[in-house]
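Input: a single structure, listed below in structure tokens.
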Amino acid sequence: MKQKTSEYLESPPSDTPSKWRNEAEWRRCNKAWLRHSKHIAVKVLSYMKQEHLTQSAMAERMDCTQQYVSKILKGTENLSLETLTKLEQAMGVKLINI
């Protein structure tokens with residue numbers, strides 16, 4: 001067992017970059033807007049819970065698909081001003097103050 005582990009550790013790295021490394025680099029480069037996206041996702045989710053809304057009902061209010069609402073709730077969607085406005089109108093709250 002020990003020999004297999006040391007052989008594995010001494011073997012040359014793969015020619016293809018690892019997926020986790022690429023994802024970590026992407027998160028590092030996009031950290032600023034991802035933070036905002038996550039905060040908005042939490043607000044939307046809290047609102048939906050408070051109002052007992054499903055993703056489909058929220059999508060109907062926003063005039064978009066349930067799949068897009070799901071993406072928003074993951075907190076990794078780069079939201080456009082149009083989408084932010086739709087969210088604000090659907091929820092009746094201000095999400096961003098300038």
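Atom set for the values below is all heavy atoms of this structure, side chains included, hydrogens, waters and symmetry mates excluded.
Cluster note: Trp20 groups with no other residue, as no ILVMFWY side-chain heavy atom lies under 4.5 Å from it. Counting Ile, Leu, Val, Met, Phe, Trp and Tyr side chains that sit under 4.5 Å apart, directly or through other members, Trp33 shares a hydrophobic cluster with Trp26, Leu34.
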Distance-only criterion, 3.5 Å: show the donor-acceptor pairs between side-chain atoms of residues 49-57 and protein atoms not counting sequence neighbours.
from  : atom 1 : to    : atom 2 : distance (Å)
Thr54 : OG1    : Ser56 : N      : 3.4
Thr54 : OG1    : Ala57 : N      : 3.0
Gln55 : OE1    : Gln66 : NE2    : 2.5

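Scanning all heavy atoms of the two residues, the minimum distance from Arg28 to Glu25 falls at NH2-OE2, 2.6 Å. Among all heavy-atom pairs drawn from Cys64 and Val69, the shortest one is SG-CG2, 3.8 Å.
For Lys86, the salt bridge (charged side-chain N to carboxylate O under 4.0 Å, His left out) partners are Glu82, not counting sequence neighbours. Shown here are the side chain to side chain contact (heavy atoms under 4.5 Å, CB included) partners of Leu95, two or more places apart in sequence or in another chain: Ile40, Lys43, Leu87, Glu88, Met91, Val93.
Residues Met58 and Ile72 form no side-chain contact, since every pair of their non-hydrogen atoms from C-beta on lies 4.5 Å or further apart.
Sorted by first and then second residue, the pairs that involve residues 68-78 and meet side chain to side chain donor-acceptor pair (under 3.5 Å), not counting sequence neighbours, are Tyr68-Thr83.
Between Leu45 atom CG and Lys38 atom NZ the span is 13.0 Å, to the nearest 0.5 Å. Note that the OG1 atom of Thr65 and the CD atom of Glu60 stand 12.5 Å from one another [nearest 0.5 Å].
Hydrophobic clustering keeps Tyr47 apart from Val42 (ILVMFWY residues linked when any side-chain heavy atoms are closer than 4.5 Å, directly or through intermediates).
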request  = Start with the C-alpha gap between Met48 and Leu73, add the side-chain angles, then the distance that decides, and say whether side chain to side chain contact (heavy atoms under 4.5 Å, CB included) holds.
outcome  = CA-CA 10 Å; Met48 289 173 60; Leu73 295 176; 4.0 Å; yes

